[in-house]
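As C-alpha cells, the structure follows; a few thoughts come after it.
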Amino acid sequence: KAGVTQTPRYLIKTRGQQVTLSCSPISGHRSVSWYQQTPGQGLQFLFEYFSETQRNKGNFPGRFSGRQFSNSRSEMNVSTLELGDSALYLCASSLAGRGLAPNNEQFFGPGTRLTVL
Amino acid sequence: SQKIEQNSEALNIQEGKTATLTCNYTNYSPAYLQWYRQDPGRGPVFLLLIRENEKEKRKERLKVTFDTTLKQSLFHITASQPADSATYLCALANTGNQFYFGTGTSLTVIP
C-alpha cells in the first residue's frame, strides 16, 4: 500500500501571499488530519476531516482552512502568510472512525516545509 | 487548556542500557495515549497505544506504562541500540480522534 503523500515537499513564499498544500491519504483511510510543527511549539493540531466534513479544529486563526474531497484527498490553505507561519506542515491519515480502529494509528506523510520570507 | 510535557529535550544513553522517556499532562482526561518516533526530515511513525484502563503495554523492546492518577506515561526502550536514536513524541487523544502532542524528547544512543 502506498503511504501518505504530500505535495509540494518544499515551498518558499513571501508575507501576504497565500498557499495551498495537498495531501493524499492511504487508500481506504477516510480521516485526514493536519498539523503544524515548529521547533518551539512542537506538533500542533490544525484540523481533521472525515468524509468531507471538518470534524475537529485546533486553535488556529481563520487564515488556516482546509477541505476534503470525495476521494479523501485533502488540501490545506493558508491566506495572508506571516513570518510565523514558517513550519513543517504534516498530514496524517487514519481509518478512524471515532475510537473504532484498534489502534487509531495515524500514518504521517513526509510533510511540506514552508518558508515565509 | 491541556498541557503535555516530555522530560528533557535531549537524552543521551549508552548502548545496551534502558532509555526511559516521560510524558506528563495536565487539564486533560485522555481516552488513550500513543507514542511516536520521528526521524529528521520525516513524519512521525506510530509505535504503541495504551488505553486509559490499561497499565502497561509491551512490544518487542518497547514498554509503555500509563498512570491516570499521576497523569503520566513512561516509555522504555530496553537494550537500546544506536538505531533507536530519534525524537520520540507522546500524543493524547479522546474518542473524538483529536490528538495533542508533546514537544518530544530527542534520544541519542551512544555506541
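Lettering follows sequence order; numbering is per chain, from 1. Keep in mind that what you see is a predicted model, and the values were worked out from it rather than measured.
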Could you grab the distance from atom [atom1] of [X] to atom [atom2] of [Y], nearest 0.5 Å is fine?
{"X": "A:Ser94", "Y": "B:Phe46", "atom1": "OG", "atom2": "CZ", "result": "11.0 Å"}
{"X": "B:Phe99", "Y": "A:Asn56", "atom1": "CZ", "atom2": "CG", "result": "9.5 Å"}
{"X": "B:Tyr100", "Y": "A:Gln44", "atom1": "OH", "atom2": "CD", "result": "11.0 Å"}

*Without swapping roles, check the side chain of B:Tyr36 against the backbone of A:Gln106 for a donor-acceptor pair under 3.5 Å.*
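Yes, because the side chain of B:Tyr36 sits within donor-acceptor range (under 3.5 Å) of the backbone of A:Gln106.
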*When hydrophobic residues are tied together by side-chain contacts of less than 4.5 Å, even through go-betweens, does A:Leu81 share a cluster with A:Leu88?*
no
*Identify whether B:Leu89 and B:Leu74 are in the same connected component of the hydrophobic contact network (ILVMFWY, side-chain heavy atoms under 4.5 Å).*
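No, separate clusters.
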*Closest approach of B:Pro44 and A:Leu90, non-hydrogen atoms and distance?*
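Heavy-atom minimum between the residues: CD-CD1, 3.9 Å.
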*How far apart are the closest heavy atoms of B:Thr103 and A:Gln41, and which atoms are they?*
CG2-O, 4.0 Å
Check this for me: [X], atom [atom1], are more than 12 non-hydrogen atoms of other residues, nucleotides or ligands nearer than 6.0 Å?
{"X": "A:Arg63", "atom1": "CZ", "result": "yes"}
{"X": "B:Glu60", "atom1": "CD", "result": "no"}
{"X": "A:Lys57", "atom1": "NZ", "result": "yes"}
{"X": "B:Arg42", "atom1": "CZ", "result": "no"}

_Applying side chain to side chain donor-acceptor pair (under 3.5 Å), can you list everything that pairs with A:Glu52, at least two apart in sequence or on another chain?_
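By the side chain to side chain donor-acceptor pair (under 3.5 Å) rule, A:Glu52 matches no residue at all.
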*Would you indicate whether the side-chain heavy atoms of A:Tyr35 and B:Phe101 approach each other to under 4.5 Å?*
yes
_Regarding A:Gln37 and B:Gln38, do their side chains bring together a donor and an acceptor under 3.5 Å, going by distance alone?_
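There is such a pair between these side chains.
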*Is it the backbone or the side chain of A:Arg9 that comes under 4.5 Å from a heavy atom of chain B, or both, or neither?*
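The side chain, not the backbone.
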